[in-house]
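The structure appears right after this line, and notes come after that.
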Amino acid sequence: MRVPLPDGSVRELPDGSTGADLAADIGPGLARAALAIRVLDESKTEQRDGTAYDDGRIVDLDAPLTDGQPIEILTAKAGDGDALKLLRHDIAHVLAESVLELYPGTKVSIGPPIADGFYYDFDFPEGVTINEDDFPKIEAQMKKHVKAAEPFVRTEETTAEAIDRYLREDQPYKVELIEDLVTNQGVKTVGIYTNGEFKDLCRGPHAPDTGRAKAFKLTSVAGAYWRGDANRQMLTRIYGTAFATKDELKEHLERLEEARKRDHRRLGRELGLFAFSETATGSAFWLPHGTQLFNTLVGLSREMGEQRGYTEVKTPQLFDSQLWKTSGHWDKYRDNMFVTESEGKQLALKPMNCPGHCQLYKLQKFSYRDLPVRYSEPGLLHRNELSGTLHGLMRVRHFAQDDAHIFCTEDQLQDEVTAALEFAFATYRMFGFDVEVELSTRPEQRIGAEELWDRSEAALEAALQANDLEYRVNEGDGAFYGPKIDLHMRDSLGRSWQLGTVQLDYNFPERFELTYTGADNVEHRPVMIHRALMGSYERFIGILIEHYGGDFPAWLAPVQAIVLPVSDRHIDYANELKAQLSGFRVEVDHRTESIGRKIRDAELRKIPYMLVVGDREVEERTASVRRHKEGDQGALSVEALKEQLSQPE
RNA sequence: GCCGGAGUAGCUCAGCUGGCCAGAGCAACCGCCUUGUAAGCGGUAGGUCACGGGUUCGAAUCCCGUCUCCGGCUCCA
């Protein structure tokens, strides 16, 4: 048989040869390094960049090769995502094997590779709890198996055999998985991988043996519901990570440590931006500098909105529950609303602005000439989120949205959605954000006619295409009143958070009986677009802090410049300089401290400009400019300074 | 809400196999120094050891409960 290789050469091998035979034929070094075979599809070059694993285009080394099929031998070289996934998947099996030995009676469920490592979910025997103190013991057991280089042996079992065996082994989760494979996919046999004594239900592929994943580490333990269902058993999930080499593992752990330094909760405290108190859990207290940052963003949104034909409005905080019954929130989200009562009436703090804006629309009379009406409001919202979901500024109970609702005609719909997306990306560009776009379609629990959902989903898709955006579709993830486009960003540890959203809604106008008078002098139903671009200011600031690592560009920094007098006799000139820079956010460090000390503190506060003034500067009416992280830039006149501070970066 | 972990001064942490008045550094405050591009020196003050119960002659330390936070899961209009 002929085996074409990536370098263009072709290898002649006996018929029925496997990947292992090929590797051995090429050389003993490769035979040792080979992990698996990547099946190449010449029409799809992207399958060679380490993304093939999910497509099932990686096969075991001992699988027979096909005559004429181009392939590549997968080795653990740096940057190969497939090799990494394979090793992590390998070590997940070793983890399960080790846990079963150390904690007999444990029930195993699933253990896949994930973005930064792997996990395995276990149901430990009654009375056994696992925490990080147990990791050294488990890791030691795992090391033994890695060192032993136990072969991964793939076998096919009929589903009946496999179920029967797992029943005997008292592994009910495996039985359920196989039963579902039979029910949903009609499979007759399942793949079983054996390493040591451990037999796992698994599609594969795996390396030839357990000896390849030498650089691994268990990282954390957490609870996770079986099959992601909160009504089912809570399992214990052990997370770990693995790399091709110990150096890469070490680098990864160091990167994590660096990322933790960018954590917005830590920087928020260090930079004096915000704080939390047990007197109002899940709600930020904004300190002066944080408030400055917050207001800068609100101002930006306001300015950009004005340029795009939005008008700002203000609506109440507390509404009669009737409003939420009309909107449908009462039925769906009552548990997450803060409800109170007065004079026999039930009231609720608004968890969102839309019904208020609908009410505002309804209080007026519109004709087609008035549309589109674009109402924006930096609205204050309260949502009673579950305590376990709170997370710094990213998930809070009280927050403000850069919210807006557009009421328009069916004809205007497409342009308005397109413009809203343009607005969103214009905003993100100001910060250099790399945003992931998702289209979420009709959920199971929804209101409104199917025909309206068809139209809404089609309109959003058209707008995405008009903006030339790449996006992912999340089936069934839409809001209960309409489909949406969600814009996601990742935090410093890679967790994804929703920032912006553009949602299309035929339902609220119906429920609130909103109308406008058409050219035909007949009342028509407007269409409504919900959009928030930064999302919540709280979350946006959280992302912003981690994105910049606290080193805000000067236009955004709470304090743009700090004047540092060399000694006390320069304080008058320092104050004078600050006065001349009115309009900029400038502080003076009045402390009787050495200039070295003042510079150190200003650097730690991450202030973009430090303006050192001593005898020379007083004499020459200048300031010596030092840029944060960059150092001394030389002396500048006040005029030149103003010029530089006004420069966008 | 669920699983696991944690909570000591404003911050970072030590003490926690039960027993000297609970410690350190930084920050704060008071002096001295008057300073040229990342920490000048000395002193002072600051804590119902998250909260509430219990065990004990004795609890920051052990046990139970509550609250909050951290890592996940579920949820996220």
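Since we're looking at a predicted model, the values are computed, not measured. Heavy-atom basis, side chains included; hydrogens, waters and symmetry copies ignored. Convention: sequence-line order gives letters A, B, ...; per-chain numbering from 1.
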Legend entry - B:rC32 pairs with, by Watson-Crick or G-U criteria that keep both distances under 3.5 Å: B:rG40
Inset, instruction - Please give the nucleotide sitting opposite B:rC73 as a Watson-Crick or G-U wobble pair, both distances under 3.5 Å, or none. - result: B:rG1
Output a table of nitrogen or oxygen pairs between the protein and nucleotides 26-31 of chain B separated by less than 3.5 Å.
{"residue": "B:rA27", "atom": "OP1", "partner": "A:Arg597", "partner atom": "NH2", "Å": "2.2"}

Inset, instruction - Sequence neighbours left out, what passes side chain to side chain contact (heavy atoms under 4.5 Å, CB included) with A:Arg472? Give chain and number order. - result: A:Glu438, A:Asn474
Inset, instruction - Give one of base, sugar-phosphate or nothing for A:Thr219, where a contact means two heavy atoms less than 4.0 Å apart. - result: nothing
Legend entry - Between B:rU35 (P) and A:Asp589 (CG): distance, integer Å: 16 Å
N/O-N/O pairs, protein side and nucleotides 51-53 of chain B side, under 3.5 Å:
none

Inset, instruction - Have a look at A:Arg266 and say if it touches a base, only the backbone sugar-phosphate, or nothing, with a 4.0 Å heavy-atom cut-off. - result: nothing
Legend entry - Candidate nucleotides B:rU37, B:rG36, B:rA39, ranked by approach to the side chain of A:Arg600 - the nearest: B:rA39
Inset, instruction - Quote, to the nearest angstrom, the C1' distance that separates B:rA50 from B:rG5. - result: 16 Å
Legend entry - Nucleotide forming a Watson-Crick or wobble pair with B:rC26, both distances under 3.5 Å: B:rG10
Legend entry - Electrostatic pair A:Glu619-A:Arg616, nearest N-O below 4.0 angstrom: no
Legend entry - Residues forming a ring pair (Phe, Tyr, Trp, His ring centres under 6.0 Å) with A:Phe135, sequence neighbours excluded: none
Legend entry - Protein-nucleotide distance (A:Arg616, atom CZ; B:rU35, atom P), rounded to Å: 13 Å
Inset, instruction - Could you pull out all residues at least two apart from A:Tyr471 that satisfy ring pair (Phe, Tyr, Trp, His ring centres under 6.0 Å)? - result: none
Inset, instruction - Tell me which nucleotide among B:rC70, B:rU35, B:rG4 gets nearest to the side chain of A:Thr592. - result: B:rU35
Inset, instruction - Using a 4.0 Å heavy-atom cut-off across all strands, classify A:Gly596 as base, sugar-phosphate, or nothing. - result: sugar-phosphate
Inset, instruction - Give the rounded distance in Å between these two atoms: CG of A:Asp615 and C1' of B:rU34. - result: 11 Å
Legend entry - N/O donor-acceptor pair, side chain A:Glu132 with base B:rG71, under 3.5 angstrom: no
Inset, instruction - Please test A:Asp551 against A:Lys606 for salt bridge (Lys or Arg N to Asp or Glu O under 4.0 Å), starting from the C-alpha separation and ending with a verdict. - result: CA-CA 6 Å; A:Asp551 297 324; A:Lys606 302 177 183 288; 3.6 Å; yes
Inset, instruction - Quote, to the nearest angstrom, the P distance that separates B:rU44 from B:rG7. - result: 31 Å
Legend entry - Set of residues satisfying side chain to side chain donor-acceptor pair (under 3.5 Å) with respect to A:His530, sequence neighbours excluded: A:His405, A:Asp505
Legend entry - N or O in side chain of A:Ser220 less than 4.0 angstrom from B:rG72 OP1/OP2: no
Legend entry - Pairing residues for A:His628 by the ring pair (Phe, Tyr, Trp, His ring centres under 6.0 Å) criterion, not counting sequence neighbours: none
Inset, instruction - Not counting sequence neighbours, which residues clear side chain to side chain contact (heavy atoms under 4.5 Å, CB included) with A:Ser536? List them please. - result: A:Phe399, A:Glu538, A:Arg539
Under 3.5 Å, which protein N or O atoms sit close to an N or O of nucleotides 73-77 of chain B? Give each pair with its distance.
{"residue": "B:rC73", "atom": "O4'", "partner": "A:Gly223", "partner atom": "O", "Å": "3.0"}
{"residue": "B:rC73", "atom": "O2'", "partner": "A:Tyr225", "partner atom": "N", "Å": "2.9"}
{"residue": "B:rC73", "atom": "N4", "partner": "A:Gly388", "partner atom": "O", "Å": "3.4"}
{"residue": "B:rC75", "atom": "O2", "partner": "A:Arg395", "partner atom": "NH2", "Å": "2.8"}
{"residue": "B:rC75", "atom": "N3", "partner": "A:Arg395", "partner atom": "NH1", "Å": "3.1"}
{"residue": "B:rC76", "atom": "O2", "partner": "A:Arg395", "partner atom": "NE", "Å": "3.4"}
{"residue": "B:rC76", "atom": "O2", "partner": "A:Arg395", "partner atom": "NH1", "Å": "3.1"}
{"residue": "B:rC76", "atom": "O2", "partner": "A:Arg395", "partner atom": "NH2", "Å": "3.4"}
{"residue": "B:rA77", "atom": "OP2", "partner": "A:Lys484", "partner atom": "NZ", "Å": "3.2"}
{"residue": "B:rA77", "atom": "O4'", "partner": "A:Tyr333", "partner atom": "OH", "Å": "3.1"}
{"residue": "B:rA77", "atom": "O3'", "partner": "A:Tyr481", "partner atom": "OH", "Å": "3.2"}
{"residue": "B:rA77", "atom": "O2'", "partner": "A:Tyr481", "partner atom": "OH", "Å": "3.2"}

Inset, instruction - Output yes when at least one side-chain N/O atom of A:Asn131 is less than 4.0 Å from OP1 or OP2 of B:rG5, else no. - result: yes
Legend entry - Options B:rC69, B:rU34, B:rC11, nucleotide nearest the side-chain atoms of A:Arg569: B:rU34
Legend entry - Between P of B:rC67 and CG of A:Leu390, the distance in whole Å: 14 Å
Legend entry - A:Tyr119 six-ring face occupied by A:Arg237 cation (under 6.0 Å, within 45°): yes
Inset, instruction - Determine the interatomic distance between C1' on B:rG71 and the same-named atom on B:rG31; round to the nearest Å. - result: 47 Å
Inset, instruction - Measure the distance from CG on A:Leu564 to C1' on B:rA39 and round it to the nearest whole Å. - result: 14 Å
Inset, instruction - Output yes when at least one side-chain N/O atom of A:His391 is less than 4.0 Å from OP1 or OP2 of B:rG71, else no. - result: yes
Legend entry - Non-hydrogen side-chain atoms of A:Leu611 and A:Ile562 separated by less than 4.5 Å: no
Legend entry - Criterion side-chain contact (heavy atoms from CB on, under 4.5 Å) on A:Val417 and A:Val502, from CA distance to verdict: CA-CA 7 Å; A:Val417 177; A:Val502 176; 4.1 Å; yes
Legend entry - Whole angstrom value for the distance that separates C1' of B:rG36 from CG of A:Leu611: 14 Å
Inset, instruction - Check whether any side-chain heavy atom of A:Phe285 sits under 4.5 Å from a side-chain heavy atom of A:Thr279, and report yes or no. - result: yes
Inset, instruction - For B:rA24 versus B:rA45, give the span between their C1' atoms, rounded off to a whole number of Å. - result: 16 Å
Inset, instruction - Check whether any side-chain heavy atom of A:Met394 lies under 4.5 Å from a side-chain heavy atom of A:Ile543, and answer yes or no. - result: yes
Inset, instruction - For A:Trp453, enumerate each residue passing the ring pair (Phe, Tyr, Trp, His ring centres under 6.0 Å) test, keeping only those at least two apart in sequence or located in another chain. - result: none
Inset, instruction - Starting from C1' on B:rG40, measure out to NZ on A:Lys598 and report it in whole angstrom. - result: 13 Å
Inset, instruction - Output yes when at least one side-chain N/O atom of A:Ser387 is less than 4.0 Å from OP1 or OP2 of B:rG1, else no. - result: yes
Inset, instruction - Could you tell me the separation between the CG atom of A:Leu235 and the P atom of B:rC2, rounded to a whole number of Å? - result: 17 Å
Legend entry - Gap in Å between the two C1' atoms, one belonging to B:rG54 and one to B:rA22, rounded: 23 Å
Legend entry - Pairing of A:Arg490 and A:Glu546 as salt bridge, 4.0 angstrom limit: no
Show each protein N/O and nucleotides 7-9 of chain B N/O combination with a separation under 3.5 Å, one pair to a line.
none

Inset, instruction - For A:Gln233, answer base if it contacts any base atom (sugar-phosphate contacts may also be present), sugar-phosphate if it contacts only those atoms, and nothing otherwise; contact means non-hydrogen atoms under 4.0 Å. - result: nothing
Legend entry - Nearest-angstrom distance, C1' atom, B:rA38 to B:rC2: 47 Å
Inset, instruction - List for me each residue that meets side chain to side chain donor-acceptor pair (under 3.5 Å) alongside A:Asp320, sequence neighbours excluded, and say none if there are none. - result: none
Legend entry - Test: A:Asp601 and A:Arg597 ion pair at under 4.0 Å: yes
Legend entry - Rounded distance in Å between the C1' positions of B:rC63 and B:rA59: 11 Å
